[in-house]
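Here the structure comes first, spelled out in structure tokens, and everything after it is commentary.
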Amino acid sequence: MTAAATESGTGPALGAEKLLHIYRQMTRIRFFEEQVNDLYLRAVMPGLSHLYSGEEAVAVGICEALRPDDYITSTHRGHGHCLAKGATPDRMYAELLGKEAGYCRGKGGSMHIADPASGNLGANAIVGGSVGMAAGAAFSAKMRGSGQVAVCFFGEGALGQGLLYEVLNLSKLWNLPVIYACENNMYNEYTHYSETTAGEILARPAAFGIPAEAVDGQNVRAVHAVAGRLVNDARAGNGPSFLLCNTYRYRGHHVGDVNREYYRAKQEETNWLTTRDPIKLLGDWMISEKLAQQPALDKIQAEVKSEIEAAVAFAIKSPYPAVDQVKEDVYA
Amino acid sequence: MTAAATESGTGPALGAEKLLHIYRQMTRIRFFEEQVNDLYLRAVMPGLSHLYSGEEAVAVGICEALRPDDYITSTHRGHGHCLAKGATPDRMYAELLGKEAGYCRGKGGSMHIADPASGNLGANAIVGGSVGMAAGAAFSAKMRGSGQVAVCFFGEGALGQGLLYEVLNLSKLWNLPVIYACENNMYNEYTHYSETTAGEILARPAAFGIPAEAVDGQNVRAVHAVAGRLVNDARAGNGPSFLLCNTYRYRGHHVGDVNREYYRAKQEETNWLTTRDPIKLLGDWMISEKLAQQPALDKIQAEVKSEIEAAVAFAIKSPYPAVDQVKEDVYA
Amino acid sequence: MPEVAVRELTMAEAVREALAEEMRRDPRVFIMGEDVAEAGTPFKVLSGMVEEFGKSRVIDTPISEPGFTGIAVGAAMTGMRPVVDIMFGDFLTLVMDQMVNQAAKVHYMSGGAWKVPMVMRTTLGGGRRSAAQHSQSLHAWMSHVPGLKVVLPSTPYDAKGLMKTAIRDDNPVVFFEDKMMFKVKGPVPVEDYTIPFGVADVKREGEDITIVATSSMVPVALAAATMLEEIGISAEVVDPRTTWPLDEKTLIESAKKTSRAIVVDEGYEKYGVTAEIASVIATGAFYDLDAPVKRIGAMHVPIPFSPPLEDATIPTEQVIFEAAKKMCNK
Amino acid sequence: MPEVAVRELTMAEAVREALAEEMRRDPRVFIMGEDVAEAGTPFKVLSGMVEEFGKSRVIDTPISEPGFTGIAVGAAMTGMRPVVDIMFGDFLTLVMDQMVNQAAKVHYMSGGAWKVPMVMRTTLGGGRRSAAQHSQSLHAWMSHVPGLKVVLPSTPYDAKGLMKTAIRDDNPVVFFEDKMMFKVKGPVPVEDYTIPFGVADVKREGEDITIVATSSMVPVALAAATMLEEIGISAEVVDPRTTWPLDEKTLIESAKKTSRAIVVDEGYEKYGVTAEIASVIATGAFYDLDAPVKRIGAMHVPIPFSPPLEDATIPTEQVIFEAAKKMCNK
Ligand SMILES: Cc1ncc(C[n+]2csc(CCOP(=O)(O)OP(=O)(O)O)c2C)c(N)n1
Ligand SMILES: Cc1ncc(C[n+]2csc(CCOP(=O)(O)OP(=O)(O)O)c2C)c(N)n1
Ligand SMILES: [Mg+2]
Ligand SMILES: [Mg+2]
């Protein structure tokens, strides 16, 4: 372990309003994903989808530290990042169902949702494929002097992709305002990351001179605190940083991955679900700290539930794009 | 800097006979390259060539620690590795001139000389392109239980290639008998490596759990000593290692790179030439230690000179391949 | 097909059986790729392999396509016969340097001194609503590269026989499997057999028009042929099976016989496989053709997610039927 | 060519002038690549650029082609207009994922929400005795990919006008320069001008046979045309200038007029650019052709080092001359 790598605690206290907003955002992602699973089971959604349930504190903790015009790049498991950065469930569901009202007019689907209005450069179905894009957005921000920063979300599986190391080197050399957010949910599809990852993860960015630290990815306050600090550093011109977020995905690699015992124990899943749930942890803490009471949380849950239900209904009712749109958007 | 990275001194003493052989091998490379330059200037050699002059201690120090059946992979600057591993100048020159008697029947040229008989998997004109190949040879040796090891030579410019990091990770995970020999001659073509390399070089392999150390690449005894240890470790099943060899190329990036002042000072070149020459350093040391006298060294120089002259003459006299050979060797 | 005991196998089973038999026969053969071991690949093609051959011969890798491809090249040069699994054909983008600048050229650049006997298994084809980065058919790129061989089986029988040939071949071979066909069944003999590269297979004989089809498009072409039969057009369906080497002779002879040809392939249409094959036929059967050779490839757009849009990009039997009907003036 | 003040510039100077003028005009344009700054690239195409625009706009990179290409994609999406330098076209193997799965598809996958206005400059062509990994012409791959545009200038005039169009285009453009042509001179107007993509240029008018040639093969085709003139054959030389978009109409019309066509390109012949163009002509001019379209590409082998072997792999004026002579029955 290098000097640059430290384990972070929580930072300055957040107000109740902000915390409730964070609670709402995480709940929104959770409910969103549960409905995606349902749409898959009901055979309403075409193709497959990779659910973010369990990892909400990472996306929300980080994105709540960003400005609306800051950039993110996302992954195949991208719904959480997308919602956390400010997209709305209705157009996201429309996209998941291949409808014209979707963020990509139905052309992208689950793995490619992008939204310029919220600074989302796009989900990406190539593992590690957006690392350069994120650094490039940071490069552009720096050149334009816009003060924007970029966050590159990626799973620990992307540590296998050489592109990451090229870009770590480049972003340090050029002192780019980019934060590498590695979501270690411990599995590359069906393989435990210990079988694919030699040495120490944090030593990798550190070897390129990039400050690197780990955070409990189930503790949204901790994630938010460290993200705030890293975002400030980046905006202040201090260059790139790397944040390892230790987390867990509750469901399968994708919605169709139902029998998982051959690669991970039921007990492991239950432990995370019952003792490490980021939404429950935040709710419990707010109550214990008297920052909120159960009814307020229940109200948020109810509001989000109906928002999500309405969004699903919107998407289901929306029309498919006309077939001749297939030839549009190939060239700008 | 990590615990795995240590600066090495020289190891156990070598006998005079071995030292004289090492002296001969380095001299052979030097004379070989000077004639390549000459062939270029005389417009006898087609295309360009990247000369190894100044870096001889690296190739010779390492290859003298290898068995004949051990593998190496090499680079665009590959003549030194090739000679050090056991190829003969005559067929090498023939290859450089595109003659049928060349190691590749004239098809490869300077950047692709390969020789199964001496375990040389080939020079490579893609920077970093042979990193996987070297690890693959080590993988194969391990699977076959042959006890062979592989050495992957590459310039510090290859630290920019993502493939290297993928393969470092894989070779550590699979505990492969491969030694990464990074030849840091301080320039990626016309750019100083400090402009292209963030952080600390040795921390990069170390981050993947690979023992890494640096050596004075002008001191052939030091290189040989540490190489011997790393080769033994690899053969004993202790997995990969990384050796950073600090060295210098005397001539241009390629034979045509004559006006170099815009990227490096004449004074820098002169310093290396006059105070750090690996051949002179070894010769002087042997004399001072009374392991050899000047006439013995002169004799080696004379012998090598005539060997090289004969080899050049052989190549010049050799015929080009018949044109219909162009279609041979596409498929095995 | 030789007269031997046969059973029905799926395409996935046929590929797996070929691999398993070759691994039993030759200890130098091994498999590596992402999630190939316990998971048996996401398509379950390799289910059970790790149980028989162990983790030292069915090797899970990190998500490092260029890295493990490079390792395969080095292993192949030094006495092994790797089978590399690239989960989706779209990820060939990542291994082009190792395949094209290394694997394909080592034999030639070394003047024949080194050989690279390796197989790269990967997929092609859309239709799974997987969008632009998981649906491509990039075999045209590979077919363009001297030093590589390119295989496109369209039936379980072909898949097994061609895979065995691929593994026994001393050159780098890229083997494309259509993701939508893994569960399709067909007869496969019990006995060992191989299918030579460069020999096209006439999947259906006909007199009026030749339909050359590759991989996923072979069943589509056969369905079109059935439709055509109903309106009195007899279509011959020819499957090249390997785009390199390409059996130009069989393609040209069929076109000469029928005097009309359509070429169907699921790769992007422009600068794709249909261009080469159409050009070969247009030249070889120049004096016999009654109409220009018709090319039908995937629509020249990135593959969209939305079902009605994606469906519009992939050649269908209806499109082939209409084209053939028009060419035969019916 | 418009009637304006002209001077003779080399191809390298024409490219440099286009870049410099666009960088003066638009502060969003910048250049990055290996040894592009003080060294001005190994081919010296960019000499003097860093002196004028400084190191923040002419940026030396590490040897990380995928890395800096990815950075260019992100920069292009967010308000910049990068020009990326890939020293040798052979290294395109390393950037296929960033170019094909990212740059080419971002606009489509996002339903038009994001754009990627970037230019990738790279080289093609053999003849420099640089062997198999530094001599390839891989533009067929790029032309196969929907979402990319592909430019192949053959004169200084075209190079300057097409480069300006490339920089002003809102899409990813791959711009191939022939390494052997950098020092070739030609007239270039002083005034600002652009050349639209998708418009072929008739480099020489003729009546008896059409020679379609790209990039490095244009001067070779013109030399062949001169030889043909001497034996009474009038050859028309047509340069598509961009393989995507492709000006099919001009190619077909020329072939219809002359009734014979040869297509010459320095990429590997099989599954290469000659296949697409020959097929387009064979179809479009089907009823007017007196002979099959003849394709002449680089020999389908990795490019050898040895001069007599390398020379045998590259199409020559003699080969074109012989083919044309035969096709015209002379
Ligand atoms: C380059 C590439 N290789 C392989 C895949 C197939 N694939 C999709 S997701 C995945 C695992 C990713 O693991 P990780 O990065 O940890 O993300 P997680 O799914 O755990 O969020 C793989 C191998 C891919 N999409 N891209
Ligand atoms: C992938 C790739 N990119 C660029 C080049 C062009 N090139 C050839 S040698 C070289 C510099 C290599 O520097 P280094 O690795 O330090 O080796 P050295 O020449 O110093 O021995 C470059 C950029 C190449 N051959 N391959
Ligand atoms: Mg993971
Ligand atoms: Mg160097």
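Order of the sequence lines fixes the chain letters, A, B, ..., with proteins taken first and strands second; residue numbering starts at 1 for each chain.
Your options are B/Ser146, B/Ser171, B/Gly132, B/Ala141, and the one with the most heavy-atom pairs under 4.5 Å with chain C is B/Gly132. For chain C, the option among B/Gly108, B/Ala114, B/Pro116 with the highest count of heavy-atom pairs below 4.5 Å is B/Pro116. If you tally non-hydrogen atom pairs under 4.5 Å between each of B/Val131, B/Thr73, B/Asn124, B/Leu121 and chain C, the highest count goes to B/Leu121. Considering only heavy-atom pairs separated by less than 4.5 Å from chain B, the leading option among C/Thr69, C/Val73, C/Asn101 is C/Asn101. Interface remark: of the candidates C/Met80, C/Gln102, C/Arg28, C/Gln102 forms the most heavy-atom pairs closer than 4.5 Å to chain B. Here B/Met143 is the residue among B/Arg105, B/Met143, B/Glu328 with the most heavy-atom pairs under 4.5 Å with chain C.
Looking at C/Met118, there are no atoms closer than 4.5 Å to chain B (heavy atoms on both sides), in backbone or side chain. Heavy atoms closer than 4.5 Å to chain B are found in the side chain of C/Val106, but not in its backbone. Proximity to chain C (any heavy atom under 4.5 Å) is shown, for B/Tyr165, by neither the backbone nor the side chain. Only the backbone of C/Leu148 comes within less than 4.5 Å of a heavy atom in chain B; its side chain stays farther off. Neither the backbone nor the side chain of B/Ile113 comes within less than 4.5 Å of any heavy atom in chain C.
Side chain of C/Asp170 to main chain of B/Ala332: no donor-acceptor pair is present (N/O by atom type, distance under 3.5 Å, no hydrogens or angles). Judged by distance alone, with hydrogens and angles left aside, the side-chain atoms of C/Gln98 form a donor-acceptor pair with the main-chain N or O of B/Gly129 at under 3.5 Å. Side chain of B/Tyr103 to main chain of C/Ala113: no donor-acceptor pair is present (N/O by atom type, distance under 3.5 Å, no hydrogens or angles). With hydrogens and angles disregarded, a donor-acceptor distance shorter than 3.5 Å links the side chain of C/Tyr108 to the backbone of B/Val326.
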Test B/Trp174 against C/Ile71 for side-chain contact (heavy atoms from CB on, under 4.5 Å), laying out the working first. CA-CA 11 Å; B/Trp174 296 344; C/Ile71 286 178; 4.2 Å; yes
Kindly indicate, with the supporting measurements, whether the criterion ring pair (Phe, Tyr, Trp, His ring centres under 6.0 Å) is fulfilled by B/Phe139 and C/Phe68. CA-CA 11 Å; B/Phe139 179 93; C/Phe68 64 77; over 10 Å; no
Decide yes or no on side-chain contact (heavy atoms from CB on, under 4.5 Å) for C/His107 and B/Tyr331, but give the supporting numbers first. CA-CA 7 Å; C/His107 189 64; B/Tyr331 292 97; 5.8 Å; no
Please walk me through it: do C/Trp114 and B/Asn120 pass side-chain contact (heavy atoms from CB on, under 4.5 Å)? CA-CA 10 Å; C/Trp114 289 109; B/Asn120 183 351; 5.9 Å; no
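A distance of 8.0 Å separates CG in B/Leu163 from CG in C/Asp97, rounded to the nearest 0.5 Å. For the atom pair C/Thr61 OG1 and B/Asn169 CG, the distance stands at 10.0 Å (nearest 0.5 Å).
Counting only heavy atoms from C-beta outward, the side chains of B/Glu166 and C/Pro62 never approach each other to under 4.5 Å. Two residues are said to be in side-chain contact when any heavy atoms from C-beta on lie closer than 4.5 Å; B/Met133 and C/Met77 meet this criterion.
Pairs of residues two or more places apart, or lying in two chains, that qualify as side-chain hydrogen bond (donor to acceptor under 3.5 Å, both in side chains) and include a residue from residues 132-143 of chain B are B/Ser140-B/Arg144, B/Ser140-C/Thr78.
Contact residues of residues 76-96 of chain B toward chain C are absent (heavy-atom distance under 4.5 Å).
Taking a 6.0 Å sphere around NZ of C/Lys249, one finds it holds 12 or fewer heavy atoms contributed by other residues, nucleotides or ligands.
Closest non-hydrogen pair, B/Leu170 versus C/Ser64, comes out as CD1-CB, 4.2 Å.
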